[in-house]
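So the structure is just underneath, and the comments pick up after that.
When reading the values below, keep in mind they use all heavy atoms of this one structure, side chains included, and skip hydrogens, waters and symmetry mates.
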Amino acid sequence: MATDTRTTEHAAAIVGDALRSVGYSETGVVELLGDDAYSGGAEDVPLNERMLPESKLATVVRAFFLLRPVPTDDAVSALGHEAVDSLEAAGLADVVDEVVPRARILPVDDLYVAADAFSRDLDDPHDYVAGYTPTARLLDTLTPRRRVERALDVGTGSGIHALRAAAHADHVVATDVNPRALEFTRLNAALNGLTNIEVRNGSLFEPVQGETFDLITCNAPYVVSPERRWTYRDAGGTADEVSEKLVAASAAHLAEGGYATMLVSWVAQDEDDPDERVVAWAERTGCDSWILVAEESDPLGHAAGWNSHLSGDPEAFGAALDEWARYLEELGVRWVSDGAVILRRRSGGTPTVRVDSIDEDDVEEASDQIVRAFETRARLEELGRNDLLELSLSVAMPLRLEHGLEPTADAPVPTDAVVALATGTNSAVDTTPDGLEILGLLDGETPLEDVIDDVADLHELDDDELREFRRDALDLCDELLELGALRLD
């Protein structure tokens, strides 16, 4: 990559403008290559290349999505002479008779994210800079997007989370121990016309000692691993101590009312109590916290998941499994979990901790849900349980209300029901058909007690049944309020 920062950034800005003018976007890529375009790897390039038509957009997709050389005349036709000249000045391609890409540029929402080429697994250098990975996507979807003054992205990599924060923060600081990562972050800021991102070289929070931020994101290396192969993956330290430090440091650098979202890993010596350590970390922060478990497995499953790139080489795969399993066994580890920890700094009251499981593939943009959940939990902490009956509630996000039917001699009978969030964390809560009926009557004006009584009257419940019915209804509403699915009005 180029070393003259001013020239590089100016050239990258020209390239970014040209890419936008030709319509290089997520939608454009998917229309040309199909819904699975972003999940493909280098092995899919020959097929994908043959799917492309002859067009200006296809030329750009061929070069910077598939990383195939294109004739310079075709590149000029698509992007213009100035942009093609700028590709080389920005370090994005070598240009002679052909434009030979040196970095992959992914459209992500309305951003461009340049990073190293397709991963070659064991052949990747230790300072490899990954693009928009599944873990990057998970952190992205779980980050609150309120307007803030100062944001911090720790272990920024390609800079994707700094770029996202730049849209709703006055100033963003991005840190990384890998100088190549910071080069890409500067480059990507210029590609996207962003001028409010500052990069600082150093390990984790070291470059921001004594500073606080309104938003912190962190996708630093967190994998519990005996290896130190890749800067972007392996945590270092012993077991999960790096993740423990990340949680503590994030809280220490969080301003009042601020949020921190980080991806971490934690171990357990008892698989029946897998989250004991991460809950203790969260409690020590003094912040409200939400722990979202994305993956969990025994040591062998953990080793297999993080070494799947070796599965085509049985000997190497087996050696890695043995090494990782032996490392974890020596530490007394019986269970390993990966997921997100979200913190909110709040003065006054008793900090709350909540643990839920999520399916990483199902999580969608959850910013509004997360902010609503934390604000509601703070208010619920101030209320008595029965006070909730006097308040009015409303549905705050799309829900799916599902229940089964059991056939009988007369007519089908409704059985157990489920309330499923249709977006955000896509969480699900078990309930009853009566619970679904209550949710359908929450209008934001009628007190919850009146809604419950209206449904109870339809079933002619006696006093004991009414008490149980009211308790179950309160449990359901309390759970959905904490998840951010309902709103207190």
Side-chain angles (χ1 to χ4, degrees), residues 1 5 8-9 12-13 15-16 90-92 103-116 127-209 211-222 231-232 246 249-250 253-255 258-264 340 342-343 365 367:
M1 295 180 63
T5 302
T8 299
E9 293 178 359
V15 172
L92 291 166
R104 195 177 187 209
I105 305 175
L106 290 180
V108 178
D109 291 332
D110 58 349
L111 296 171
Y112 293 128
V113 182
D116 280 325
D127 58 355
Y128 177 84
V129 178
Y132 194 62
T133 63
T135 57
R137 177 190 175 278
L138 180 63
L139 182 63
D140 189 3
T141 57
L142 295 175
T143 298
R145 298 296 175 193
R146 308 172 309 147
R147 187 76 209 174
V148 297
E149 290 185 11
R150 305 189 76 223
L152 169 67
D153 184 35
V154 177
T156 196
S158 66
I160 174 59
H161 304 296
L163 302 178
R164 289 281 278 136
H168 59 96
D170 294 340
H171 185 70
V172 182
V173 176
T175 73
D176 207 294
V177 73
N178 181 0
R180 291 190 69 250
L182 298 181
E183 283 189 55
F184 270 116
T185 300
R186 290 191 191 94
L187 180 73
N188 284 326
L191 269 175
N192 293 284
L194 300 171
T195 59
N196 58 339
I197 297 175
E198 174 191 356
V199 302
R200 300 184 191 177
N201 183 239
S203 179
L204 303 176
F205 289 86
E206 288 178 0
V208 293
Q209 289 299 313
E211 299 179 55
T212 60
F213 299 85
D214 307 299
L215 173 68
I216 298 172
T217 52
C218 180
N219 188 16
Y222 63 85
T231 302
Y232 70 89
L246 288 174
S250 293
H253 289 273
L254 204 54
Y259 286 88
T261 300
M262 70 210 80
L263 300 187
V264 294
I342 307 174
L343 304 176
E365 175 60 52
S367 170

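With Asp116 contributing its side chain and Tyr128 its backbone, the two residues share no donor-acceptor pair below 3.5 Å. Judged by distance alone, with hydrogens and angles left aside, the side-chain atoms of Asn201 form no donor-acceptor pair with the main-chain N or O of Leu182 at under 3.5 Å. With hydrogens and angles ignored, the 3.5 Å screen pairs a side-chain donor or acceptor of Asn196 with a backbone N or O of Ala169. Looking at Thr261, its side chain never comes within 3.5 Å of a backbone N or O of Leu343 through a donor-acceptor pair.
Partners of Ala181 by side-chain contact (heavy atoms from CB on, under 4.5 Å), not counting sequence neighbours, listed by chain and number: Val129, Asp176, Asn178. Residues passing the side chain to side chain donor-acceptor pair (under 3.5 Å) test with Thr156 are Asp153, sequence neighbours excluded. By the side-chain contact (heavy atoms from CB on, under 4.5 Å) test, Leu204 pairs with Val154, Ala220, Leu246, sequence neighbours left out. By the side chain to side chain donor-acceptor pair (under 3.5 Å) test, Arg200 pairs with Glu198, Glu211, sequence neighbours left out. A search for side-chain contact (heavy atoms from CB on, under 4.5 Å) contacts involving Thr133 returns Ala130, Thr135, Ala136, not counting sequence neighbours. In this structure, the salt bridge (Lys or Arg N to Asp or Glu O under 4.0 Å) partners of Glu365, at least two apart in sequence or on a different chain, are Arg164. Legend: residues meeting ring pair (Phe, Tyr, Trp, His ring centres under 6.0 Å) with Tyr132, ordered by chain and number and at least two apart, are absent.
Pairing each heavy atom of Phe184 with each of Ala103, the nearest pair is CE2-CB, 4.0 Å. Nearest approach of Ile197 to Ala174, heavy atoms of both residues: CG2-CB, 4.5 Å. When all heavy atoms of Ala165 and Leu215 are compared, the closest pair comes out as CB-CD2, 4.3 Å. Among all heavy-atom pairs drawn from Ala166 and Leu194, the shortest one is CB-CD1, 3.9 Å. Across Leu187 and Ala12, no two heavy atoms sit closer than the pair CD1-CB, 3.5 Å.
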What pairs of donor and acceptor atoms, side-chain ones from residues 108-115 against any protein atom, are under 3.5 angstrom apart with sequence neighbours left out?
residue : atom : partner : partner atom : Å
Tyr112  : OH   : Leu19   : O            : 3.3
Tyr112  : OH   : Arg20   : N            : 3.2
Tyr112  : OH   : Tyr24   : O            : 2.7

Hey, can you pull the donor-acceptor pairs under 3.5 Å for the side chains in residues 141-148, sequence neighbours left out?
residue : atom : partner : partner atom : Å
Thr141  : OG1  : Arg137  : O            : 3.3
Thr141  : OG1  : Leu138  : O            : 2.8
Thr143  : OG1  : Leu139  : O            : 2.6
Arg145  : NH1  : His168  : NE2          : 3.2
Arg145  : NH2  : Asp140  : O            : 3.4
Arg145  : NH2  : Asp140  : OD1          : 2.8
Arg146  : NH2  : Gly257  : O            : 3.2
Arg147  : NH1  : Ala167  : O            : 3.2
Arg147  : NH2  : Asp170  : OD1          : 2.9

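Leu263 CG to Asn219 CG: the interatomic distance, rounded to the nearest 0.5 Å, is 4.5 Å. The distance from atom CG of Leu191 to atom CZ of Arg186, rounded to the nearest 0.5 Å, is 14.5 Å. Rounding to the nearest 0.5 Å places CG of Leu152 at 10.0 Å from NE2 of His171. The CD1 atom of Ile105 sits 8.5 Å away from atom CG of Asn188, with the distance rounded to the nearest 0.5 Å.
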**Prompt:** Does the pair Val173 and Arg150 meet the rule for a side chain to side chain contact (heavy atoms under 4.5 Å, CB included), with working shown?
**Reply:** CA-CA 8 Å; Val173 176; Arg150 305 189 76 223; 4.3 Å; yes

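Ring geometry for His253 versus Phe205: interplanar angle under 30°, hence parallel rather than tilted (30 to 60°).
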